[in-house]
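Okay, so here's the structure we're looking at.
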Amino acid sequence: MSGKVHSKELKSDKIPKHVAIIMDGNGRWAEQHGLDRIFGHREGVEAVRSVVEGAGEMGIQYLTLYAFSTENWNRPREEVDALMGLLVHAIVAETENLHKNNVSLRTIGDIASLPEQVQQKLAGAIAKTAENSGLRLVLALSYSGRWEMVEAAKRMADELKNDKIDKSSINEELIGKYLPTFGLPDPELLIRTGGEFRVSNFLLWQIAYTELYFTQKLWPDYRKDDLFEAVNDFQKRERRFGKTSEQIRI
Ligand code: IPE
Ligand code: IPE
Ligand code: MG
């Protein structure tokens, strides 16, 4: 791959509005360093800090981070507990800094399934940063694409039954309103670290036309320079949305 990309080298008129990241590889990073898996998660917080900073520098408006999936509940109890503890710690440690940097926080996912303490800290951080007008940071927690679609289907079924919506009004836009990502533009770029080529139940509806970028780098080693490199790669792509190249170039 190319050498280091500086944020100033990027085309300012082609910065993606919304970047989503599957932060993978913490466990392997820890293993490579002869440490317990949780140390990989702990180290991953530094990567989050750097990437949030880089996203702000570039003028990305929305950054969605996949932090814990519906399926991750199936990990060993000790790892899940340690992750939840780390989450509390990270929210407490980072909120002030996010606030100073004009970042606002929101979440997507089954937040009610998280431990009470995590919910409380999240609610506090969300309230504190609600009025900020800079980067919108979205944490996907106890989230999966299929989960949100099932939830959306249930709510739509209720509203159909109660005559709040009509079958003829169901279209893509309406479905989008029932998803927790309502109000966010679809991501233009999805990055996955850690070398796997899969989406692991992340933003299935929203990534219909998203550019995918996979890197071998493990999440704890990921920094804003790596994000700049991914955006640089994105800027070289031709997004055709089903049309021909010729149609796009005029
Ligand atoms: C990603 O790293 C973090 C979470 C899924 C919570 P992993 O913990 O999946 O790391 P690997 O894939 O085992 O290396
Ligand atoms: C995806 O990583 C979920 C998050 C990064 C939060 P996983 O490590 O859970 O994904 P799989 O199981 O390898 O697909
Ligand atoms: Mg993994």
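Just follow the structure's listing: the first ligand is 1, and inside any ligand the first atom is 1. Treat the numbers as computed from the prediction; the structure is a model and nothing was measured.
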Residue F68 vicinity, atoms of ligand 2 by number, heavy atom under 4.0 Å
6 (C)
Could you check whether any heavy atom of G194 sits closer than 4.0 Å to an atom of ligand 1, since that is the contact criterion I want to use?
no
Modelled atom types, side-chain donor and acceptor of S144 and S69, under 3.5 Å
no
Using distance alone, with no hydrogens and no angle criterion, decide if H18 and D186 have a side-chain donor and acceptor under 3.5 Å apart.
no
Relative to ligand 1, is M23 under 4.0 angstrom through side chain, backbone, both or neither, heavy atoms considered?
backbone
Protein residue, atom and distance nearest to atom 10 (O) of ligand 1, heavy-atom basis:
G27 N, 2.9 Å
When you compare ligand 2 with R75, is there at least one nitrogen or oxygen pair between them that comes in under 3.5 angstrom?
yes
Short of 2.8 Å from the Mg ion (ligand 3), name each protein N/O/S atom, waters not counted.
D24 OD1
Looking only at non-hydrogen atoms, the one of R28, H41, Q32, E79 nearest atom 11 (P) of ligand 1 is R28
Part of R192 within contact of ligand 2 (heavy atoms, under 4.0 Å):
side chain
Is the closest heavy atom of E71 to ligand 2 under 4.0 Å?
no
Looking just at side-chain N and O atoms, do N102 and S133 make a donor-acceptor pair shorter than 3.5 Å?
yes
Test your reading of the structure: does S200 have an N or O sitting under 3.5 Å from an N or O of ligand 2?
yes
At under 4.0 Å between heavy atoms, what of R198 touches ligand 2? The answer is side chain
Can an N or O of D24 be found at a distance shorter than 3.5 Å from an N or O of ligand 2?
yes
Does a side-chain heavy-atom distance below 4.5 Å link S245 with E238?
yes
Quick one: look up the protein heavy atom nearest atom 9 (O) of ligand 2 and list residue, atom name and how far away it is.
N72 ND2, 2.9 Å
Starting from atom 2 (O) of ligand 1, find the nearest protein heavy-atom neighbour and note its residue, name and distance.
N26 N, 3.2 Å
Looking only at heavy atoms, is any part of A67 under 4.0 Å from ligand 2, and if so is it the side chain, the backbone, or both, or is it neither?
backbone
